[in-house]
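The block underneath contains the structure these notes are about, expressed in structure tokens.
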Number of protein chains: 4
Amino acid sequence: MTFIPKDPHFEARVRASFARQTINKALGCELTSVGPGTCVVRLPHNPTLCQQHGYMHAGITTTIADTAAGYAAFSLMPADSDVVSVEFKINLMAPAVGEVFEARAKVDRPGRSLTVVRSEVVAITGEKETTVALMQATMICLPSAPAKTATKAL
Amino acid sequence: MTFIPKDPHFEARVRASFARQTINKALGCELTSVGPGTCVVRLPHNPTLCQQHGYMHAGITTTIADTAAGYAAFSLMPADSDVVSVEFKINLMAPAVGEVFEARAKVDRPGRSLTVVRSEVVAITGEKETTVALMQATMICLPSAPAKTATKAL
Amino acid sequence: MTFIPKDPHFEARVRASFARQTINKALGCELTSVGPGTCVVRLPHNPTLCQQHGYMHAGITTTIADTAAGYAAFSLMPADSDVVSVEFKINLMAPAVGEVFEARAKVDRPGRSLTVVRSEVVAITGEKETTVALMQATMICLPSAPAKTATKAL
Amino acid sequence: MTFIPKDPHFEARVRASFARQTINKALGCELTSVGPGTCVVRLPHNPTLCQQHGYMHAGITTTIADTAAGYAAFSLMPADSDVVSVEFKINLMAPAVGEVFEARAKVDRPGRSLTVVRSEVVAITGEKETTVALMQATMICLPSAPAKTATKAL
């Protein structure tokens, strides 16, 4: 399915918001690409972000899946809006082992208020790709007014 | 509901596993307490782990909720076992704003293979507590054999 | 936590909406009780609503969990509103075997737009109760205008 | 992705299990098709299974989504096995209005024990199709021994 973005400048808007997320710099996340209703976020393997077996922690897998999902949704929202995660569910399907992790998100249904997005996290080692997690998320569109006011809308 | 742990040394086992998770040191997570079927994990606010509004990123909220949930489940598993997250769902209910975040997990139903756990994340500022997220998770008990073998059980 | 309903006549409003759901008559569901942020729905065992092992089908367990969750949320909504399920996640924790099934829902966080509710389904046989399912759900408050218009708000 | 079924007679096995589910006859569900890792279940609109606006109840949408998801997973399981739903999450994305509802499920990752499946429910009216719900589910493979024994494996 193809979506027509309401805001022709969606990519700049998404990239500006991504740049404001301090976590992306702290963890080393990169916004690889953003399209109308899609977004890809990359994170190289980092041995300091692991669980007890040396796999990337499920919370880190979730972090990139959620960021990609949020910005896939945000790409279809109007210029004067903001996006917040309402909830998500994620299945951790295989050990998160790889050189790089890539979260690939795609909107399933955009809505005026709520948008449903799926995000897949792939572990990449050389040419080999393994899906390690699948997320189904609900994002909400808020007015872009100062954050404090906006969140009252919830 | 009260649970009888199969392994009387569950606390040492949980603490040893927590110590092996490199992410806890990287983010500054602390294992506050662990009981039979319960676990509390704390994380002080960290401005480098935020989303675009300056709230803690949903992925970080999820990280501590998942860690607490996993170890609450692990506390009831046998001595020679390991725990892995199968899946979880989390509602982000309020902006993650506070001095400290605490994830409080409690097993709802322990099983030989699968355990259902709920985890609540509370933002604490002085005396004030606000629930910012609620997770419902499924954990799996694996043999504690070398991780590579163990994950084949999935 | 105790909630103050915005509409003092919430019980009559919830019961009227429950009565409009044709499924309740078809399956034999009964609205046992409704309070501010709580709701209980009952369904006697019915051998015609089973899965392949003779347990109640997960979809039926879900039906009463969702109805109870929706009306627990609706009890705290304003008089001129309506409620629709946005999404839910449910763990089926034990075989749904019993004389009667009871879904017990309780609001965790009411919101102007979105409400988070948990719903537990218990199988009852004589004096014995077994929790068979746990749901975590998100409900949305819509204006009570004609349904067709209302749903555009999504 | 294409899957190779372990049991060449998977279709007969799935159809036999579907026939044992009394709910399918009670509601009027039909097993439209089953392939390796896929399953489609149909249900005509039924005014006696509705919620307060006259849409099909979310629990019924969930019932066919879950049945299709379970049998998509079961198609890839060994001959002497059985399938049970561990948990699922479903987004209700549009009012369930249509002449016929079709749940289309597809395995994302089959596992020896746990299988992750997605199921989409489409409302069909004449030529028009609308996605009304999206489910992400976890199914478990159990030995096909007498049900009572099998469920202890959980």
Side-chain angles (χ1 to χ4, degrees), chain A residues 16-27 29 46-67 69-71 74 82-95 97 133-138 140 142 144 146-148 150-152 154, chain B residues 16-27 29 46-67 69-71 74 82-95 97 133-138 140 142 144 146-148 150-152 154:
Chain A
S17 180
F18 183 90
R20 279 199 299 277
Q21 294 198 333
T22 58
I23 194 176
N24 294 319
K25 202 180 159 192
L27 302 187
C29 301
N46 184 335
T48 71
L49 299 174
C50 290
Q51 40 83 285
Q52 71 273 21
H53 306 115
Y55 312 148
M56 289 289 265
H57 193 281
I60 299 301
T61 306
T62 299
T63 299
I64 61 170
D66 173 51
T67 298
Y71 288 129
F74 193 41
D82 214 326
V83 66
V84 172
S85 303
V86 169
E87 62 80 38
F88 47 75
K89 178 257 204 292
I90 189 166
N91 278 77
L92 292 321
M93 304 189 308
V97 177
L134 275 181
M135 175 185 277
Q136 185 168 318
T138 310
I140 193 165
L142 298 175
S144 69
K148 235 168 184 166
T151 53
K152 281 193 193 150
L154 288 176
Chain B
S17 181
F18 184 89
R20 279 198 300 277
Q21 294 198 333
T22 58
I23 194 175
N24 294 319
K25 201 180 160 194
L27 302 187
C29 301
N46 183 334
T48 72
L49 299 175
C50 290
Q51 41 83 285
Q52 71 275 18
H53 306 116
Y55 312 147
M56 288 290 264
H57 192 281
I60 299 301
T61 307
T62 299
T63 298
I64 60 170
D66 173 51
T67 297
Y71 287 129
F74 194 40
D82 215 325
V83 65
V84 172
S85 303
V86 169
E87 62 81 38
F88 47 75
K89 178 256 204 293
I90 189 166
N91 277 76
L92 293 320
M93 305 190 306
V97 177
L134 275 181
M135 175 185 276
Q136 185 168 317
T138 309
I140 193 166
L142 298 176
S144 68
K148 231 161 185 172
T151 53
K152 279 191 192 150
L154 287 174

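We use all heavy atoms of the structure for the numbers below, so side chains are in, but hydrogens, waters and symmetry mates are not. So you know, we letter chains A, B, ... as the sequences are listed, proteins then strands, and number each from 1.
Here the side chains of A/Asp66 and B/His57 are in contact, with some heavy-atom distance below 4.5 Å. A 4.5 Å side-chain heavy-atom check between A/Gln52 and B/Phe74 finds every atom pair outside the cut-off.
The closest donor-acceptor contact from the side chain of A/Gln51 to the backbone of B/Val84 lies at 3.5 Å or more, if one exists at all. Judged by distance alone, the side chain of A/Thr48 and the main-chain N or O of B/Ala26 form no donor-acceptor pair under 3.5 Å.
Neither the backbone nor the side chain of B/Val97 comes within contact range of chain A, judged by heavy atoms closer than 4.5 Å. For a residue to count as touching a neighbouring chain, one of its non-hydrogen atoms must lie under 4.5 Å from one of that chain's; by this rule A/Asn91 touches chain B with backbone and side chain alike. Residue A/Ile64: no heavy atom, backbone or side chain, is found under 4.5 Å from chain B.
Across A/Thr138, A/Leu134, A/Ile90, the residue that shares the most heavy-atom pairs under 4.5 angstrom with chain B is A/Ile90. Counting heavy-atom pairs closer than 4.5 Å to chain A, the top-ranked of the candidates B/Thr62, B/Leu49, B/Leu27 is B/Leu49. Of the residues considered (A/Arg20, A/Gln136, A/Lys89), A/Lys89 shows the highest number of contacts with chain B, using heavy-atom pairs under 4.5 Å.
A pairwise comparison of heavy atoms in B/Val83 and B/Gly70 identifies CG2-O, 3.8 Å as the closest pair.
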